[in-house]
Amino acid sequence: MADSSYRTIGYPLSALDRLWRYRLSALTVKVVLSYPSYIMSQKYYVTTPIYYINDKPHIGSTYTTVAADVLARSHRLRGDKTFFLTGTDENSQKSMEAAEKSGKDINVYLEEMAIIWENTWKELGITFDDFIRTSEERHHKAVNRFWKAVEASGDIYKDTYERHYCVGCEDFKTDSELNEDDRCPLHPNKDLELVQEENYFFKASAYKDDILQLFHKQQDFVQPVKRLNEIRSYVKDGFADFSISREAKKVSCGIPVPGDDSQRIYVWFDALINYMSAVGYGTDDELFKKWWPANLHLVGKDIIKFHCALWPAMIMSAAKNDPLLQNEDGTPKLPEQIFAHGFFTIEGQKMSKSIGNVIDPLELAVEYPFDVIRYFFFREIGFGNDGDFNRARIAERYQSDLANTLGNLLNRAINMSRKYFDNRVPTCDTSVKTWDVGSLLSRKEGGRATWDVEMVDTLWQQVEEYYDSARIDLALEAIWNGENASLILANRLVEETQPFKLIKEDPEKTALVLYTLLEFLRNVAWMIEPVMPNISADIIKQLGQDPKSEISQNNFANLKKWGGLEPGSDLPEPKILFPRLGE
RNA sequence: CGCGGGGUAGAGCAGUUGGCAGCUCGCCAGGCCCAUAACCUGGAGGUCGUAGGUUCAAGUCCUACCCCCGCAACCA
């Protein structure tokens with residue numbers, strides 16, 4: 001990097017060979033902004049969708065919820081005021097049908113199921129801060145307030161119509177949206193309902209340009225980019241008004257339309273508002289001001305239409321007549337970002353109850369420590385992409401990444417330290433930031449021959465950036481395999497310095513090497529804490545520290561500062577972190 | 001013209017604005033002996049779905065085409 005002798009200034013561009021251009025591009029310095037952590041401290045509000053409770057949680061909803069948990073934990077770790085919301089959608093026809101099937105009273109059924117969901121998340125160690133149920137009073141109040149605001153903006157109108165309604169899409173279909181057999185192309189085997197009634201509509205179409213403008217101005221409003229493209233073309237091609245109510249006599253659930261008991265608010269208009277009702281909209285203005293707008297709505301790729309287009313349109317409308325929804329400059333307080341993750345198949349097959357491959361997360365947590373599953377979710381599958389939930393791959397990841405790379409490194413580092421330094425963390429000068437390794441640490445040409453604490457700082461910066469952009473997968477990759485300090489590199493460090501030989505010649509240098517390994521592992525433990533909280537705590541305990549006391553300091557800058565592991569402190573006897581499988 | 005995803009090493013995947021085709025696992029050969037038969041190094045293995053086009057330069061941009069996956073219900 002420092003060697004710029006091959007930069008032949010003034011050379012005509014056309015004469016540049018491939019190598020030259022390649023090297024020049026390698027010179028591009030990544031500028032990473034870093035702030036003192038006391039400035040970084042801010043609020044973070046993240047949500048999952050509210051789940052239909054026509055059955056217990058499965059691996060799919062678990063994936064979404066765990067992702068939100070990882071992001072919430074990553075912000076808490078850094079001292080951000082964090083609010084993580086999940087919950088249940090109880091005003092839907094699907095819940096009603098499931099209740100009927102079970103033969104239970106609807107309220108009894110909803111109560112039981114909501115408890116199952118909440119308890120499942122608790123048992124899996126999900127750190128949600130609130131659990132919203134759309135049957136709750138606070139939600140009804142929020143919906144009422146929201147409806148009235150939208151109504152005052154003139155965006156709710158009544159219409160009598162006769163139209164094709166697709167139960168699968170929960171949406172109306174215009175003639176142009178039907179396939180050649182006059183059926184819904186998404187649900188061709190499902191009869192369209194010819195619906196004839198008088199309902200309320202939300203004038204979404206009035207916000208078409210504003211939504212497109214939003215996509216244009218805030219390019220990261222929808223992530224990943226491919227979803228933004230998808231939703232943009234949907235809005236461009238026609239962003240029709242949404243039906244937002246049903247005749248009360250035809251549905252057995254739902255919140256009554258304010259001022260019109262003959263109609264019930266229908267599905268999405270009601271459900272989306274949960275993100276506001278949970279933080280006090282309609283019940284606690286101060287609380288609402290504290291948390292809204294949400295920083296991130298985490299959703300599955302199937303519901304981006306509602307979250308990325310309908311929801312902002314609804315807020316734009318309501319904001320016109322509700323100061324609580326306005327920024328200081330009068331613009332609507334929209335959520336900052338919507339991230340759509342992909343779906344996964346189970347062993348190559350679509351997840352399906354009839355195939356019988358639906359996985360209960362609690363049963364899975366018996367097969368593997370749940371931290372391992374969490375790791376697999378984000379290491380194996382690029383976040384935002386589709387993937388496959390595959391047992392063989394879990395075992396592979398476990399053996400290779402967890403046992404061999406991480407677990408073994410911890411074990412060998414602790415064992416050597418104990419053996420050579422009287423069961424203690426080696427004593428060395430922790431202010432030494434850089435030292436000769438003796439050979440090349442990086443296998444790449446031009447790789448470094450020194451250990452440099454700066455590499456750990458750089459890794460921290462990368463990891464934080466990746467967590468910030470919800471790229472949990474990239475954070476893990478950087479920790480395990482990155483160009484800077486990484487677990488791979490730490491293992492290589494052992495080979496290059498050979499502390500097991502070095503101890504006979506140069507105990508001081510050996511102390512430096514082993515301290516570096518242990519202290520790096522302490523840092524890694526905190527980097528992976530959002531994804532593997534239990535493993536993280538285990539590592540810190542094995543290093544002779546109390547994870548709780550460290551985190552209770554709630555001082556992120558302190559926690560990641562090099563030298564946190566005290567030289568000379570006791571090192572307990574190590575335990576195998578990830579026992580080999582099948583033994 | 002229904003919508004979306006995808007075709008890159010044996011398997012699974014990355015490849016930002018075109019600039020030496022990469023990662024993990026597996027395989028082969030060495031090294032090491034602190035450690036969980038773990039760790040490190042080297043190697044083999046590619047017509048980047050096909051055919052055209054733009055360009056000094058295409059996995060990447062353009063055009064056409066082929067193939068695979070998902071789209072009854074359950075369902076993130």
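What you see is a predicted model, and the numbers here were worked out from it, not measured in a lab. Chain naming here is simple, since letters A, B, ... match the order of the sequence lines and numbering starts at 1 in each.
In this structure, A:Asn415 places its CG atom 16 Å from P of B:C39, rounding to the nearest Å. Atom pair A:Asp401:CG and B:C39:P shows a separation of 11 Å (rounding to whole Å applied).
In terms of the side-chain contact (heavy atoms from CB on, under 4.5 Å) criterion, residue partners of A:Ser352 (sequence neighbours excluded) are, by chain and number, A:Ser354, A:Ile355, A:Asn357. Judged as a side-chain hydrogen bond (donor to acceptor under 3.5 Å, both in side chains), and not counting sequence neighbours, A:Asp506 has no contacts.
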Please list, for nucleotides 67-69 of chain B, all pairs of protein and nucleotide N/O atoms separated by less than 3.5 Å.
none

Which atom pairs link the protein and nucleotides 5-14 of chain B when you take only N or O atoms and keep those under 3.5 Å?
residue	atom	partner	partner atom	Å
B:A14	OP1	A:Asn385	ND2	2.6

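Residue pairs satisfying the ring pair (Phe, Tyr, Trp, His ring centres under 6.0 Å) criterion with at least one member in residues 345-365 of chain A, sequence neighbours excluded, are absent.
Between A:Lys305 and B:C3 there is no side-chain N or O to OP1 or OP2 distance below 4.0 Å. For the pair A:Arg412 and B:C39, the criterion of a side-chain N or O lying under 4.0 Å from OP1 or OP2 is not met.
Ring centroid separation for the pair A:Phe389 and A:Phe376 comes in under the 6.0 Å cut-off. Between A:Tyr51 and A:Trp117, the gap from one ring centroid to the other is short of 6.0 Å. Between A:His297 and A:Tyr275, the ring centre distance stays below 6.0 Å.
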For this session: Start with the C-alpha gap between A:Leu474 and A:Phe383, add the side-chain angles, then the distance that decides, and say whether side chain to side chain contact (heavy atoms under 4.5 Å, CB included) holds.
Result: CA-CA 8 Å; A:Leu474 296 180; A:Phe383 198 52; over 6 Å; no

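Comparing B:G12 with B:G2, their P atoms sit 31 Å apart, to the nearest whole Å. Atom name C1', nucleotides B:G52 and B:A76: the rounded distance is 42 Å, in whole Å.
Ranked by how close their nearest RNA chain B nucleotide is to the 5' end, A:Asn404 and A:Arg379 are led by A:Arg379.
Across B:C74, B:C32, B:U24, the shortest atom-to-atom separation from the side chain of A:Ser400 is found for B:U24. Closest to the side chain of A:Phe578, out of B:U36, B:A35, B:U41, is B:U36. For A:His58, whose side chain is taken as the heavy atoms from C-beta onward, the closest listed nucleotide among B:C40, B:A76, B:G70 is B:A76. Side-chain atoms of A:Glu495 lie closest to B:C40 of the nucleotides B:C40, B:A76, B:C75. Considering only the side chain of A:Asn481, B:C23 comes nearest among B:A35, B:C23, B:C40. For A:Tyr52, counting side-chain heavy atoms from C-beta on, the closest listed nucleotide (B:A76, B:C74, B:C32) is B:A76. Picking from B:C34, B:A37, B:A76 the nucleotide with the shortest atom distance to the side chain of A:Arg580 gives B:A37. The A:Phe344 side chain lies nearest to B:A76 when the options are B:C75, B:A35, B:A76.
With a 4.5 Å cut-off on side-chain heavy atoms, A:Ile126 and A:Phe131 do not count as touching. Counting only heavy atoms from C-beta outward, the side chains of A:Ile211 and A:His216 never approach each other to under 4.5 Å. Inter-residue side-chain proximity for A:Leu402 and A:Tyr375 is flagged as met; some heavy-atom pair is nearer than 4.5 Å.
Taking the six-membered ring for Trp and thresholds of 30 and 60 degrees, A:Tyr398 and A:Tyr368 have ring planes inclined between 30 and 60 degrees apart. Ring planes of A:Phe242 and A:Phe239: perpendicular class, angle over 60° (limits at 30 and 60°).
Counting any heavy atom pair closer than 4.0 Å across all strands shown, A:Ile503 reaches no nucleic acid atom.
Helical stems in RNA chain B, defined as runs of 3 or more consecutive Watson-Crick or G-U wobble pairs with donor-acceptor distances under 3.5 Å: B:2-7 with B:66-71, B:10-13 with B:22-25, B:27-31 with B:39-43, B:49-53 with B:61-65.
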